[in-house]
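Structure record follows, encoded as structure tokens.
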Amino acid sequence: MAEAMWYVVHTYSGYENKVKANIEKTIENNKHLAEQILEVRVPMQDVVEMKNGARKTVQKKMFPGYVLLNMEMNDDTWYVVRNTRGVTGFVGPGSKPVPLTEAEMKPLGIKTENVSIDFVEGDSIAVVAGVWKDTVGVVQKLDYGKQTATINVELFGRETPVEISFAEVRKL
């Protein structure tokens, strides 16, 4: 099996979120693609705008017209992505997609190094950073591609699944 790498897909301007949703829906419907297309991203950045004398922070697309994909490149994944509505093609010479290099990914905040973890599904963990700090939960799912753990947290008297970065948790 090939290694998953980050690729860039060109889309119609304004269709970035629709393309992301369409690819994620395709992955959801075809379970075999879930192991091959790991993540779909529309990179965003916070921008401060002045409107009527008031400062307002809004999120804008870093690269309008482009979507990032963390995937294993093969005929199936290429076909699925290339034939998604709104996609005009992969970035690369001709029809050959070229993966992003480590240097190109670093400014985007994409981590490539793997964090080693000492817990598995079913273990109790404590959140040590972020919004859910000091929360305890049971690991329901691990996503090594995104480097996140899904835990159940009690919210308003109900068990609610929350996705937490590996870096923000430790085993109890």
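Because the structure is a prediction, the values reported are computed rather than measured.
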Nearest 0.5 Å, please: how far is [atom2] in [Y] from [atom1] in [X]?
X: Leu68; Y: Lys20; atom1: CG; atom2: NZ; result: 11.0 Å
X: Met62; Y: Glu16; atom1: CE; atom2: CD; result: 13.5 Å
X: Arg85; Y: Thr26; atom1: CZ; atom2: OG1; result: 11.5 Å
X: Ile164; Y: Thr150; atom1: CD1; atom2: OG1; result: 9.0 Å
X: Glu35; Y: Glu72; atom1: CD; atom2: CD; result: 8.5 Å
X: Thr84; Y: Leu69; atom1: OG1; atom2: CG; result: 8.5 Å

Side-chain contact test, heavy atoms from C-beta onward, threshold under 4.5 Å: evaluate it for [X] versus [Y] and give yes or no.
X: Val19; Y: Asn22; answer: no
X: Met73; Y: Pro97; answer: yes
X: Lys61; Y: Asn17; answer: yes
X: Gln59; Y: Asp46; answer: yes

So which atom in [X] and which in [Y] form the shortest heavy-atom distance, rounded to 0.1 Å?
X: Arg82; Y: Thr88; value: NH2-O, 3.1 Å
X: Pro93; Y: Val98; value: CD-CG2, 3.5 Å
X: Glu104; Y: Pro99; value: OE1-O, 4.3 Å
X: Val128; Y: Val169; value: CG2-N, 4.1 Å
X: Val67; Y: Arg41; value: CG1-O, 3.4 Å

### Message
If the test is side-chain contact (heavy atoms from CB on, under 4.5 Å), which one of Asp76, Asp75, Asn83 qualifies with Tyr79?
### Response
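It is Asn83, the one option of Asp76, Asp75, Asn83 that forms the side-chain contact (heavy atoms from CB on, under 4.5 Å) with Tyr79.
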### Query
When you look at OH of Tyr15, are more than 12 heavy atoms from neighbouring residues, nucleotides or ligands closer to it than 6.0 Å?
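Count not over threshold, so no.
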#### Entry: Heavy atoms of other groups near Lys25 NZ, more than 12 under 6.0 Å
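12 or below, so no.
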### Task
Take the angle between the ring planes of Phe90 and Trp78 and call it parallel below 30°, perpendicular above 60°, tilted in between.
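Rings of Phe90 and Trp78: parallel, as their planes differ by under 30°.
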### Message
Please determine whether side-chain contact (heavy atoms from CB on, under 4.5 Å) holds for the pair Arg55 and Met50, giving the CA-CA distance in whole Å, both sets of side-chain angles, and the decisive distance to 0.1 Å.
### Response
CA-CA 5 Å; Arg55 294 173 63 99; Met50 293 292 286; 3.2 Å; yes
### Task
Could you pull out all residues at least two apart from Glu121 that satisfy side chain to side chain donor-acceptor pair (under 3.5 Å)?
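So Glu121 forms no side chain to side chain donor-acceptor pair (under 3.5 Å) with any residue.
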### Task
Flag yes if Ile23 and Tyr12 sit in one hydrophobic cluster, no otherwise; membership is Ile, Leu, Val, Met, Phe, Trp, Tyr, and two members link when side-chain heavy atoms are under 4.5 Å apart.
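Per the 4.5 Å side-chain linkage, Ile23 and Tyr12 are co-clustered.
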### Message
Starting from Leu142, can I reach Val138 by hopping between I/L/V/M/F/W/Y residues whose side chains sit under 4.5 Å apart?
### Response
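Unlinked, Val138 and Leu142 end up in two clusters.
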### Query
Please walk me through it: do Leu100 and Val8 pass side-chain contact (heavy atoms from CB on, under 4.5 Å)?
CA-CA 8 Å; Leu100 292 174; Val8 181; 3.7 Å; yes
